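All of these numbers come straight from a predicted model, not from anything done at the bench.
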Amino acid sequence: MSGLALVKVVKAHSSDTNCCAFSTSLLASCSGDKTVRLFNLDDFKELSFSPLLGHTYYVHWCCFSPFGTMLASCSTDGKIILWNTRNGETVAVLEHPSKGIIRICAFSPDSSLLLSGGTDNCLCLWDVNTKTLIRQFEGHQNTVAACTFTPDNNYVISGSSDGDLRIWDANYGQNKCLYLDSECNDLGVSALVISPTYGSANPNYIPDAISHKRHFLLATCGADNLVKVWDLNVFPEVNTRLRCKMTGHTAKVMSVAFSIDGSLLASGAGDSLVIVWNPILGQMLYTLEGHKRYVTCVAFSLDGRYLASGSNDKTVRIWQLDDTGIPCQQPAASRESSATAVIKPSAPAAETTTPKECHIQLLSDWSIDEVCKWLENIDLKQYCDVFKENHIDGKELQALDSKHLTSDLGIKPLGHRQKILRGVQMIREQGFYTATGQPTDDKVPDEYLCPITREIMRDPVIAADGYSYERSSIESWLRGGTNTSPMTNAPLTSNHLTPNRSLKMIIQRLYNL
């Protein structure tokens with residue numbers, strides 16, 4: 001356990017901080033003090049036209065439109081207010097037909113729709129351009145506490161304080177629930193979120209030629225103190241399948257958020273803790289301490305640099321992530337003077353752990369000592385001597401099979417042989433390398449390839465369409481007079497390019513570029 005500093009502790013609110021959200025350049029927060037506040041990401045100073053005043057009661061939630069030009073907030077006053085983030089002016093005020101309390105709202109991935117839910121047990125779907133109600137989804141028997149769109153814009157996912165999860169059709173006018181899990185989180189769903197990169201969320205995902213399967217990765221949390229990760233299937237069948245339950249919090253989990261590259265999942269809870277998880281492995285990575293009361297919200301910045309957490313202690317704490325995606329220690333001189341925080345690294349999962357020194361190395365480059373350290377991490381330290389005697393380095397390790405392990409290295413227990421072979425296979429899959437240690441086109445995930453050139457990106461940037469491209473390629477595309485998205489052919493609202501630092505760091509780490 002190490003004493004760590006924060007990048008910033010924001011103390012602008014005079015009551016509970018209920019939600020925080022990032023755009024490419026701004027941080028937003030809302031509070032029980034009836035305000036919504038905006039901060040510049042460069043220095044975390046509040047904008048001149050902030051706070052945004054319009055709500056007359058507790059503000060529960062706020063979220064940016066995908067391009068960051070609009071902010072939506074909702075409140076106990078029954079209003080959803082759409083704000084212009086350039087000047088803070090009110091764009092529209094929306095209300096449910098019931099005039100009930102609004103607890104949650106979410107923009108669709110293409111910014112054309114807005115979803116809202118509240119204590120009337122109803123979901124409302126709005127047309128953002130016309131500011132009109134399209135339709136209502138009815139079926140929940142209690143407050144709608146969480147909702148989102150699937151990344152393809154086609155489905156709506158919602159959860160209620162009764163603990164049920166429902167899936168709806170967002171496009172074709174069907175008000176009927178397509179799927180119901182009545183026991184998603186036993187004591188109530190607090191929040192839900194979908195990975196931005198997993199499965200069909202990957203813009204380059206190619207469905208199976210036979211089944212045409214479309215699927216996503218869903219995380220939920222609730223009053224059962226659990227974070228759950230689900231396979232969310234939407235075609236050919238609509239359903240969910242529980243992948244894992246993640247335990248670590250000792251009180252109601254109030255918020256979950258995926259990092260922009262989908263590699264991390266953060267959760268905040270009533271135990272005053274923020275926990276960072278590996279969502280694929282179901283593994284706790286870090287526990288962040290510092291808040292004095294409930295952690296009500298968590299959010300990752302769109303460039304992968306920051307994790308924000310808000311609390312009933314009236315603060316928003318900004319944690320900086322290093323190039324591995326974990327909270328990093330700041331030099332003493334840069335510490336927030338009034339901030340105290342503790343970050344506790346958690347024990348890694350045994351069969352997928354690599355030596356710390358190997359995070360930026362190919363498996364084939366591991367030394368004999370690094371192979372032995374890996375054996376220790378998977379609880380097979382007893383074989384280190386025989387690996388050393390036989391000079392098993394990384395290159396030899398990946399060439400081993402069950403026969404070699406038995407006859408040459410004398411590893412008799414089948415379970416131990418399988419553990420070694422599974423571990424090697426998982427490292428290969430995580431590193432996406434061939435036996436020669438070089439990445440190949442068919443092994444590199446599509447999200448690491450520029451959609452224009454189909455080459456590994458060295459300087460990825462996010463364009464206005466939300467997709468990542470190699471900087472030189474998209475700049476050349478724009479200079480050629482083409483003002484449409486290379487991926488969707490829809491008009492680009494601007495030529496602004498945002499560095500995708502998180503993706504760049506991952507690619508550099510995996511491929512030594």
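- For the atom pair Ser468 OG and Asn500 CG, the distance stands at 4.0 Å (nearest 0.5 Å).
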Evaluate the criterion side-chain contact (heavy atoms from CB on, under 4.5 Å) for residue pair Leu264 and Leu285; output intermediate values, then yes/no.
CA-CA 9 Å; Leu264 300 176; Leu285 300 176; 3.6 Å; yes

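- Using a 4.5 Å cut-off on side-chain heavy atoms (C-beta onward), Asn495 and Glu475 make no contact.
- Taking all atoms of both residues into account, the shortest heavy-atom contact from Phe107 to Pro66 is CB-CD, 3.9 Å.
- For Ser502 (side chain) and Gly304 (main-chain N/O), no donor-acceptor pair under 3.5 Å exists by modelled atom type.
- Using a 4.0 Å cut-off between charged side-chain N and carboxylate O, Glu470 and Arg458 make no salt bridge.
- Between Ser111 and Ser65, the shortest heavy-atom distance links the atoms OG-CB, 4.0 Å.
- Of all non-hydrogen atoms in Gly68 and Ser23, the two that sit nearest each other are CA-CB, 4.1 Å.
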Walk me through whether Thr90 and Trp83 qualify under side-chain hydrogen bond (donor to acceptor under 3.5 Å, both in side chains).
CA-CA 5 Å; Thr90 299; Trp83 311 88; over 6 Å; no

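- To the nearest 0.5 Å, atom CG of residue Leu82 and atom CG of residue Leu114 are 6.0 Å apart.
- Separating the CD atom in Gln136 from the CG atom in Leu125 is a distance of 10.5 Å, to the nearest 0.5 Å.
- In this structure, Ser190 contributes its side chain and Met254 its backbone to no donor-acceptor pair below 3.5 Å.
- Judged purely by atom type and a 3.5 angstrom limit, Thr35 has no side-chain atom pairing as donor or acceptor with the backbone of Arg37.
- Panel note: side chain Lys131, backbone Asn129; a donor-acceptor pair is recorded below 3.5 Å.
- Between Met70 and Thr85 the shortest side-chain heavy-atom distance does not fall below 4.5 Å.
- Between Val298 and Gly268, the shortest heavy-atom contact is CG1-N, 4.0 Å.
- Heavy atoms from other residues, nucleotides or ligands lying under 6.0 Å from CH2 of Trp126 number more than 12.
- By the neighbour-count criterion of 12 heavy atoms within 6.0 Å, atom NZ of Lys45 is sparsely surrounded, having that number or fewer from other residues, nucleotides or ligands.
- Side-chain atoms of Cys221 and Lys228, non-hydrogen and from C-beta on, never get closer than 4.5 Å to each other.
- Shown here for Val36 and Leu71, the closest heavy-atom pair between the two residues is CG1-CD2, 3.5 Å.
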Leu113 vs Leu115, test: side-chain contact (heavy atoms from CB on, under 4.5 Å). Steps then yes/no.
CA-CA 7 Å; Leu113 303 172; Leu115 190 64; over 6 Å; no

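- When all heavy atoms of Arg243 and Asp231 are compared, the closest pair comes out as NH1-OD1, 3.0 Å.
- With 3.5 Å as the limit, one finds no donor-acceptor pair spanning the side chains of His60 and Ser75.
- With no hydrogens or angles considered, a side-chain donor-acceptor pair links Trp230 and Thr220 at under 3.5 Å.
- Interatomic distance, Asn233 CG to Thr240 OG1, rounded to the nearest 0.5 Å: 8.0 Å.
- Remark: the Ser112 side chain and the Asp110 side chain contain an N/O donor-acceptor pair separated by less than 3.5 Å.
- With contacts defined as side-chain heavy-atom distances shorter than 4.5 Å, the pair Val229/Met246 qualifies.
- Between the side chain of Thr296 and the backbone N or O of Thr17 there is at least one donor-acceptor pair closer than 3.5 Å.
- With Trp61 contributing its side chain and Cys105 its backbone, the two residues share a donor-acceptor pair below 3.5 Å.
- In this structure, CG in Leu26 is found 6.5 Å from CG in Asn40, a value given to the nearest 0.5 Å.
- Checked by atom type and distance alone, the side chain of Arg135 pairs as donor or acceptor with a backbone atom of Ala170 at under 3.5 Å.
- The only option from Trp319, Phe300, Phe44, Phe39 that meets the ring pair (Phe, Tyr, Trp, His ring centres under 6.0 Å) definition with Tyr306 turns out to be Phe44.
- A 4.5 Å side-chain heavy-atom check between Leu27 and Leu41 finds at least one atom pair inside the cut-off.
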In sequence, state the C-alpha distance, the side-chain angles, and the governing distance for Leu123 and Cys147, and then conclude on side-chain contact (heavy atoms from CB on, under 4.5 Å).
CA-CA 8 Å; Leu123 280 163; Cys147 64; 3.8 Å; yes

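- With contacts defined as side-chain heavy-atom distances shorter than 4.5 Å, the pair Phe137/Val144 does not qualify.
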Trace of the side-chain hydrogen bond (donor to acceptor under 3.5 Å, both in side chains) decision for Asp261 with Ser263:
CA-CA 6 Å; Asp261 64 357; Ser263 65; 2.8 Å; yes

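- Asn18 places a side-chain N or O within donor-acceptor distance of the main-chain N or O of Val59, the cut-off being under 3.5 Å.
- Tyr198 places a side-chain heavy atom less than 4.5 Å from the side chain of His215.
- Between Asp127 and Thr132, the side chains place no donor N or O within less than 3.5 Å of an acceptor N or O (distance only, hydrogens not considered).
- One N or O on the side chain of Ser301 and one on the backbone of Arg305 form a donor-acceptor pair closer than 3.5 Å.
- Taking 4.5 Å as the limit, some side-chain heavy atom of Phe258 sits within range of a side-chain heavy atom of Leu217.
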